[in-house]
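Shown next, in structure tokens, is the structure this report addresses.
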Amino acid sequence: MDRQTNLAFRMRPQTLDDYVGQETLVGEKGIIHKMIENKSVSSMIFWGPPGSGKTTLAYLIAQSVNANFYTLSGVTSGKKDLVDIIEKARKSEPVPGRRSLKPEQTILFIDEIHRWNKAQQDALLPSVENGSIILIGATTENPSFEIINALLSRSRVFVLQSLNKQDLQKIINRALTDKKKRSRGV
């Protein structure tokens, strides 16, 4: 099944206003909402159960701040994939001496970051430290035990909760009533 025929993919929110759940983080007074509003997104780790919206939230953050967005899987990617993205991020930075308003931000989303070993996480550290990469990691495991301390100290950890019944009902109602998204690609 490709993405165009996958209902869940077609129904995925395209704006933060359409995002369901995690109100304490993304609601009007939520810290992630404020970070986006102020265009001051920093590295973060999302810790929560499957289906809590970690991947979608990372995508929406990148869209909201108009950042380059790359995604890796902690299961299938490795150091070479990381090096390729770091090189792309480096190329998007302004050339010294050349007039530029602001470098393009690069957000790297690593799904299941807890699956990366210490050496892979260490390889990411210099780019997070120097700001050429904004890391958004997603994990279902306690980051205190699975993410190296150096990355943790340079990231904010946000705990995402399972969606409640009202959130799930809202998503179901949207899927049933949004004929445009529901039928797209079918």
Side-chain angles (χ1 to χ4, degrees), residues 2-4 6-22 25-27 30-48 50-95 100-116 120-121 123-140 143 147 151-152 154-160 171 181 184-185:
D2 68 20
R3 289 181 169 200
Q4 294 306 316
N6 182 317
L7 180 61
F9 181 80
R10 290 194 320 266
M11 296 306 299
R12 180 169 274 169
Q14 297 302 305
T15 67
L16 201 57
D17 291 336
D18 293 335
Y19 186 81
V20 176
Q22 316 312 328
L25 297 176
V26 300
I31 188 158
I32 293 175
H33 183 89
K34 296 288 185 195
M35 290 169 81
I36 291 169
E37 197 174 70
N38 295 327
K39 302 276 190 234
S40 63
V41 175
S42 58
S43 291
M44 57 189 89
I45 305 292
F46 295 152
W47 174 25
S52 57
K54 298 180 294 290
T55 302
T56 299
L57 185 53
Y59 168 78
L60 292 174
I61 290 169
Q63 290 292 104
S64 298
V65 298
N66 201 28
N68 295 323
F69 185 68
Y70 297 97
T71 182
L72 293 176
S73 166
V75 175
T76 59
S77 64
K79 189 174 175 181
K80 183 192 178 317
D81 302 306
L82 174 63
V83 170
D84 290 344
I85 291 170
I86 290 170
E87 183 60 25
K88 289 175 186 174
R90 190 185 63 73
K91 288 180 181 178
S92 72
E93 293 176 355
V95 177
S100 178
L101 295 175
K102 186 178 180 186
E104 290 184 38
Q105 291 181 303
T106 297
I107 293 179
L108 171 59
F109 174 69
I110 304 178
D111 194 19
E112 299 193 53
I113 190 170
H114 62 274
R115 302 293 285 280
W116 265 17
Q120 289 168 311
Q121 291 182 40
L124 177 59
L125 188 59
S127 297
V128 170
E129 282 181 329
N130 70 25
S132 60
I133 296 279
I134 296 170
L135 168 68
I136 300 179
T139 181
T140 56
I147 311 295
L151 273 181
L152 274 180
R154 288 155 181 82
S155 305
R156 296 196 64 172
V157 176
F158 295 109
V159 179
L160 279 70
I171 291 168
K181 280 186 175 181
R184 187 175 61 197

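Quantities reported herein were computed from a predicted structural model and do not represent experimental measurements.
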Shortest non-hydrogen separation from Ala89 to Ser132 and the atoms involved: CB-O, 3.6 Å
side-chain hydrogen bond (donor to acceptor under 3.5 Å, both in side chains) between Thr15 and Asp17, worked out: CA-CA 5 Å; Thr15 67; Asp17 291 336; 4.9 Å; no
Minimum-distance pair of heavy atoms, taken over all atoms of Trp47 and Thr140: NE1-O, 3.6 Å
Ile32/Phe46 under side chain to side chain contact (heavy atoms under 4.5 Å, CB included): CA gap, chis, key distance, verdict: CA-CA 11 Å; Ile32 293 175; Phe46 295 152; 3.8 Å; yes
Test log, rule side chain to side chain contact (heavy atoms under 4.5 Å, CB included), inputs Ile147 and Val157: CA-CA 11 Å; Ile147 311 295; Val157 176; over 6 Å; no
Backbone of Arg12 reached by a side-chain donor or acceptor of Gln14 within 3.5 Å: yes
Non-neighbouring partners of Ser155 that pass side chain to side chain donor-acceptor pair (under 3.5 Å), sequence neighbours left out: none
Flag, side chain of Gln120 to backbone of Ile113, donor-acceptor distance under 3.5 Å: no
Evaluation steps, side chain to side chain contact (heavy atoms under 4.5 Å, CB included), between Val26 and Leu60: CA-CA 11 Å; Val26 300; Leu60 292 174; over 6 Å; no
Close side-chain approach of Asn68 and Lys88, heavy atoms under 4.5 Å: no
Inter-residue atom distance Ile133.CD1 - Ile85.CD1, 0.5 Å rounding: 7.0 Å
All side-chain contact (heavy atoms from CB on, under 4.5 Å) counterparts of Ile171, not counting sequence neighbours: Val20, Leu163
Within-4.5 Å side-chain heavy-atom neighbours: Leu108 and Leu124: yes
OG1 on Thr56 to OH on Tyr19, rounded to 0.5 Å: 6.5 Å
Between OG1 on residue Thr106 and CD1 on residue Ile134, distance to nearest 0.5 Å: 8.0 Å
Partners passing side chain to side chain donor-acceptor pair (under 3.5 Å) against Ser40 (at least two apart in sequence or in another chain): none
Interatomic spacing from CG in Asn38 to NE2 in His33 - rounded to 0.5 Å: 9.5 Å
Candidate pair Trp116 and Leu82, rule side chain to side chain contact (heavy atoms under 4.5 Å, CB included), full reasoning: CA-CA 11 Å; Trp116 265 17; Leu82 174 63; 4.0 Å; yes
Pairing residues for Ser64 by the side chain to side chain donor-acceptor pair (under 3.5 Å) criterion, not counting sequence neighbours: none
Smallest separation among heavy atoms of Val65 and Gln105, with atom names: CG2-OE1, 3.7 Å
Set of salt bridge (Lys or Arg N to Asp or Glu O under 4.0 Å) partners for Arg154, sequence neighbours left out: Glu129
Heavy-atom closest pair, residues Ser77 and Leu72: OG-CB, 3.5 Å
Parallel, tilted or perpendicular: rings of Phe69 and Tyr59 (30°, 60°): perpendicular
Leu135 vs Ile45 side-chain heavy atoms within contact, under 4.5 Å: yes
Where Gly74 and Ile110 come nearest, the two heavy atoms and their spacing: N-CG2, 4.2 Å
Interatomic distance, Ser43 atom OG to Leu151 atom CG [nearest 0.5 angstrom]: 8.0 Å
Side chain to side chain, Leu16 and Ile61, heavy atoms closer than 4.5 Å: no
Donor-acceptor contact present, side-chain Lys54 to main-chain Leu160, <3.5 Å: no
Partner residues of Asp81 under the salt bridge (Lys or Arg N to Asp or Glu O under 4.0 Å) criterion, sequence neighbours left out: none
Gap between atom OG1 of Thr76 and atom CD of Glu112 - 0.5 Å precision: 9.0 Å
